[in-house]
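Note sheet for the following structure.
Start at 1 with the first residue, then count along the sequence. Every number for a ligand or one of its atoms is a count from 1 in the order of the listing.
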Amino acid sequence: MRTQIAVVGAGPAGLLLAHLLRLEGLDAVVLETRRREHVLGRIRAGVLEPGTVDVLREAGLGARLDRVGLEHRGFSLRFDGAEHRIGLTELTGKSITVYGQQEVVRDLLDAAEPEPWFGVSDVALHDVTTDRPSVTFTDADGTARTLHCEVIAGCDGFHGVSRNAVPVSTCERAFPYSWLGILAKTPPAHHELIYAHHERGFALHSMRSPELTRLYLQVAPDEQLDEWPEDRIWAELALRLGTACEPGPLVEKGITSMRAFVAEPMRHGRLFLAGDAAHIVPPTGAKGLNLAVADVALLSKALTSWLLHGRDSEALSYSDTRLRATWRAERFSTEMTEMLHRSADPFDQRLSLARLRRVASSRAAATALAQDYVGSSEGT
Ligand code: FAD
Ligand code: DHB
């Protein structure tokens with residue numbers, strides 16, 4: 001088999017990259033270890049920056065997003081028993097869109113022509129520093145195959161194999177807490193997102209639609225899901241958010257560890273890394289999906305210039321450009337995480353409150369936070 005770009009991974013990064021490349025007239029094949037239903041059912045991010053929405057609209061993927069996406073012009077910070085609204089539109093002129101990652105993935109799969117190869121195994125990358133790289137894999141029927149290509153895009157997330165083919169240096173930080181997340185069939189308790197700092201821990205109120213609420217609680221890193229029966233979750237949310245949600249049936253319940261991770265460089269020969277394969281941000285700043293989209297928006301342009309027009313400057317600078325944006329997002333996501341979570345350390349506890357009070361009392365500090373939250377035109 002032969003293609004121009006072999007894309008490893010059918011998460012939002014891989015699917016969007018293949019879509020953007022095909023719009024430019026390039027040929028791309030996507031390989032995915034999981035089944036289609038699994039990819040479609042994965043509930044994760046929910047906040048799209050305006051830059052991400054622009055990329056999706058320009059790629060012809062805006063119809064459902066514009067119909068059911070929820071435009072938010074601000075969010076609430078709650079601490080010290082009081083509410084402080086961060087007016088994103090008032091402070092930056094921009095707004096965010098609440099639209100689930102699984103909806104983005106659904107739109108991308110609806111538009112995918114051809115479909116990814118789902119259910120593949122034994123994926124291995126070869127000869128990435130030569131002009132003739134390839135990917136070997138076993139297809140869902142058990143047939144061993146080789147995909148010859150000009151470029152490989154490693155979009156296979158944090159647990160993928162692509163990063164192993166790059167001599168990367170890595171930086172990592174594990175945070176001393178996890179998030180317990182639920183998606184519940186109940187109307188949101190507030191019309192905007194609420195980020196709550198409480199002495200019992202952080203809580204986040206978000207949503208997916210007027211009928212679906214997404215909620216998160218800071219829990220200990222080794223917390224077991226069965227220690228959190230539904231009654232306990234709803235009671236804890238009400239305490240920390242200061243607003244009671246109407247309990248409803250759970251569509252999903254899971255625990256996510258909090259880590260920051262960056263692999264440098266993001267290119268090795270003809271292998272390019274994008275999205276979570278190259279970097280993880282702690283979720284508090286809602287940057288992960290947006291970074292992945294910005295990576296592949298640049299990568300599709302760079303590969304188009306290189307493979308169709310023989311200009312390789314953007315491909316050569318891809319890693320440096322995206323690592324600068326990655327570190328901007330790591331800085332912001334780490335600050336949001338440390339400001340909003342409850343630490344066991346008394347000094348950190350006072351620091352969190354001092355940071356929150358500054359954002360609540362200084363327009364300059366609130367504006368800086370709002371600008372980081374909505375992202376820059378270079379892709380967060
Ligand atoms: P992934 O979505 O991980 O996709 C990688 C794909 O590669 C997967 O389908 C995987 O099955 C496949 N794969 C793995 N190994 C192989 C292999 N060997 N061969 C082929 N395929 C392979 N981000 C935000 O921007 N905003 C938010 O509000 C937000 N909230 C979040 C909340 C939670 C609870 C979590 C967990 C994450 C959140 N994120 C958020 C982060 C966001 O979900 C990720 O950054 C995003 O999924 C990255 O997309 P990706 O395509 O790079 O990776
Ligand atoms: C959501 C997730 C986040 O990490 C965040 O900061 C805001 C919203 C969400 O899943 O809706």
Taking the basic N atoms (NZ, or NE/NH1/NH2) and the acidic carboxylate oxygens, is any pair closer than 4.0 Å for [X] and [Y]?
X: R270; Y: D131; answer: yes
X: E49; Y: K287; answer: yes
X: R240; Y: E236; answer: yes
X: R163; Y: D156; answer: no

**Report entry** Atom NZ of K185 with >12 non-hydrogen neighbours under 6.0 angstrom
**Finding:**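 Counting neighbours around NZ of K185, 12 or fewer heavy atoms of other residues, nucleotides or ligands fall under 6.0 Å, so no.
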For [atom], state which one of [options] supplies the nearest heavy atom.
atom: atom 53 (O) of ligand 1; options: G157, G14, G254; answer: G157
atom: atom 31 (C) of ligand 1; options: P12, A45, G160, A10; answer: A45
atom: atom 10 (C) of ligand 1; options: E32, H38, R34; answer: E32

Between [X] and ligand 1, find which residue part has any heavy-atom pair under 4.0 Å and reply side chain, backbone, both or neither.
X: T256; value: side chain
X: D156; value: both
X: S162; value: neither
X: Y216; value: side chain
X: L31; value: backbone

**Report entry** Within the protein, residues bringing a heavy atom under 4.0 Å of ligand 2, chain by chain
**Finding:**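 Lining ligand 2: R44, G46, V47, W179, L193, Y195, L204, S206, R208, R214, Y216, P283, T284, A286.
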Query raised in the report: Non-hydrogen atoms of R42 versus ligand 1: any pair closer than 4.0 Å?
Result: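 Under 4.0 Å: yes for R42.
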At a 4.0 Å threshold, what atoms of ligand 1 neighbour a non-hydrogen atom of [X]?
X: N290; value: 25 (O)
X: G275; value: 52 (O)
X: V161; value: 18 (N)

Report task. State, without any angle test, whether S76 and E83 hold a side-chain donor-acceptor pair at a distance under 3.5 Å. Result ->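 Result is yes, a qualifying pair exists.
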